[in-house]
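First the proteins, then the strands, lettered A, B, ... as listed; each starts at 1.
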Amino acid sequence: MAQYKSDFVNQLTQRGFMHQCTDLDALDEKCAQGPVTAYIGFDCTAPSLHVGSLVSIMLLRLFQQTGHKPIVLMGGGTTRIGDPSGKDESRKLLTDADITNNMNGIKQVFQKYLTFGEGKTDAVMVNNADWLDNLKYIELLRDIGPHFTVNRMLTFDSVKLRLEREQPLTFLEFNYMILQAFDFVELAKSHNCQLQMGGSDQWGNIVNGVELGRRVAEKQLYGLTTPLLTTASGAKMGKTADGAIWLNDDALSHYDYWQYWRNTEDADVGKFLKLFTELPMDEIARLEKLEGQEINDAKKVLADEATKLCRGTDAAAEARKTAETTFEQGGMGESLPTVEIARAEIEAGIGVLTLFTQAGLASSNGDARRLIKGGGAKINDQQVSDERATIAADAINQDGVIKLSAGKKRHALIKPV
RNA sequence: GGGGGGAUGCCCGAGUGGCUAAAGGGGACGGGCUGUAAACCCGUUGGCUAUGCCUACGUUGGUUCGAAUCCAACUCCCCCCA
């Protein structure tokens, strides 16, 4: 099975991280010889990363665990420009305050996946604002400009697609690829970083960095991209009804995170196990073979493992317990979303519409009304048919709460206080 | 600087004086089938103290019994020419 010389490249290919590489054999050779340094950049466009970035994070983790040194690059500088790659239209410019705030949120998650420190294979974090913010325009143009022809820049997908669709591409955005290339060379010089990795939409940006490195620093750099992940039915990873699947726990509960993985489509289970868990390949092969009802066990393993990494072992166990009592025994688990309401208020009687709205299961009374009309509203597992009904203290069950359900999957608990 | 086009609900997109809370599609939500899957089928999709009321078609005014639809000014965006 060991087709390649290095542990890293072997695992990389076996587990499905590999999409394109500038020179896989040479990289393999290098990785086999000793620790290599690689980086992935993360733009600070939101206060937390979501599942869409998880492939990159897992890749850095794999890289570190196979004996190499990862660099996490925070795009404090490049986010001020805005990456046009893979976007139909320009994003609104973020303020510097937003970017700082986002960066602080994003930083947290890496502690869970990587080991930081001073050692040879310890991860480090850098911020490209440190060198981009103070660039001198003319100097940059003279140093870097001659190595980019506009002719070539126009051929990159990020630019070409915009032009073809006759969507505007500002000069600001047009510069993004140059700055990212500059980043790579900068890291090559300062950290002896030889490899840049990223999602497949980053290919153009990465290749530019590799070329620039060869021209201005006479360094042999490598680039590697991961496949763009969509679910088997074509949806982008990481977005659901209620929004993105955030990695930060203040942005999404442990239970919801676990549930996201539990609800993976059948066709994706194997792929996800390879990318998002660290189970051995033969174990994954076994789980992948399960069919019908049984594949649900594989999904639970996936949810457990993925949640453990991101949220910790306890969080995973608790989320699983809640899910099992809720779905398999029709009961309720403790980590269901809970809303507290004053006991006196409940005793006085609350309309069902208000109740569902307050529990966050309906966005307005009208929404709650539709839910009831559609037959999806349940209180303590009893279907609600009358939208004018009021709920009083007698709805509080033996566990001291009221269980509300909207459809089969969304549940919440009302807790009198 | 000149000329042209545009801004509609979560998104795309029809509508060009009353029948418009606004076609159609996507998405989303609910139901059915199942396995907390996919596919498929059905329904729903502005708010409210609800046979009515309010808010909504870039912003602000105007014409009119009545405007998303007509007029004026403004803002933003795109295209072409200079």
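- With hydrogens and angles left out, the side-chain atoms of A:Gln196 and A:Gln202 include no donor and acceptor closer than 3.5 Å.
- Residues A:Gly407 and A:Gly292 both approach RNA chain B. Their nearest nucleotides, taken by heavy-atom distance, put A:Gly407 toward the 5′ side.
- Under the rule for a salt bridge (charged side-chain N to carboxylate O under 4.0 Å, His left out), the partners of A:Asp268 that lie at least two apart in sequence or sit in another chain are A:Lys271.
- Between the side chains of A:Trp261 and A:Asp304, no donor N or O sits under 3.5 Å from an acceptor N or O.
- When the nucleotides B:A37, B:U36, B:G35 are ranked by their closest atom to the side chain of A:Glu265, B:A37 comes out on top.
- Atom name C1', nucleotides B:A67 and B:C19: the rounded distance is 15 Å, in whole Å.
- Base pairing in RNA chain B yields stems of at least 3 consecutive Watson-Crick or G-U pairs, both distances under 3.5 Å, namely B:1-7 with B:75-81, B:10-12 with B:24-26, B:27-32 with B:40-45, B:46-48 with B:52-54, B:58-62 with B:70-74.
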Protein N or O to nucleotides 52-58 of chain B N or O, pairs below 3.5 Å:
none

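- For a distance-only test at 3.5 Å, the side chain of A:Lys300 fails to qualify as a donor-acceptor partner of the base of B:U36.
- Annotation: proximity of residues 310-322 of chain A to RNA chain B (heavy atom, distance under 4.0 Å) is found for no residue.
- A donor-acceptor contact closer than 3.5 angstrom is absent between the side chains of A:Thr115 and A:Asp122.
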Is there any protein nitrogen or oxygen under 3.5 Å from a nitrogen or oxygen in nucleotides 44-47 of chain B, and what are the pairs?
| unit_1 | atom_1 | unit_2 | atom_2 | d |
| --- | --- | --- | --- | --- |
| B:G47 | OP1 | A:Ser364 | OG | 2.7 |
| B:G47 | OP1 | A:Arg370 | NH2 | 3.3 |
| B:G47 | OP2 | A:Arg370 | NH1 | 3.4 |

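- The salt bridge (charged side-chain N to carboxylate O under 4.0 Å, His left out) search around A:Asp367 returns A:Arg370, not counting sequence neighbours.
- Relative ring orientation between A:Phe276 and A:Phe272 is described as perpendicular, the plane-to-plane angle rising above 60° on a 0-90° scale split at 30° and 60°.
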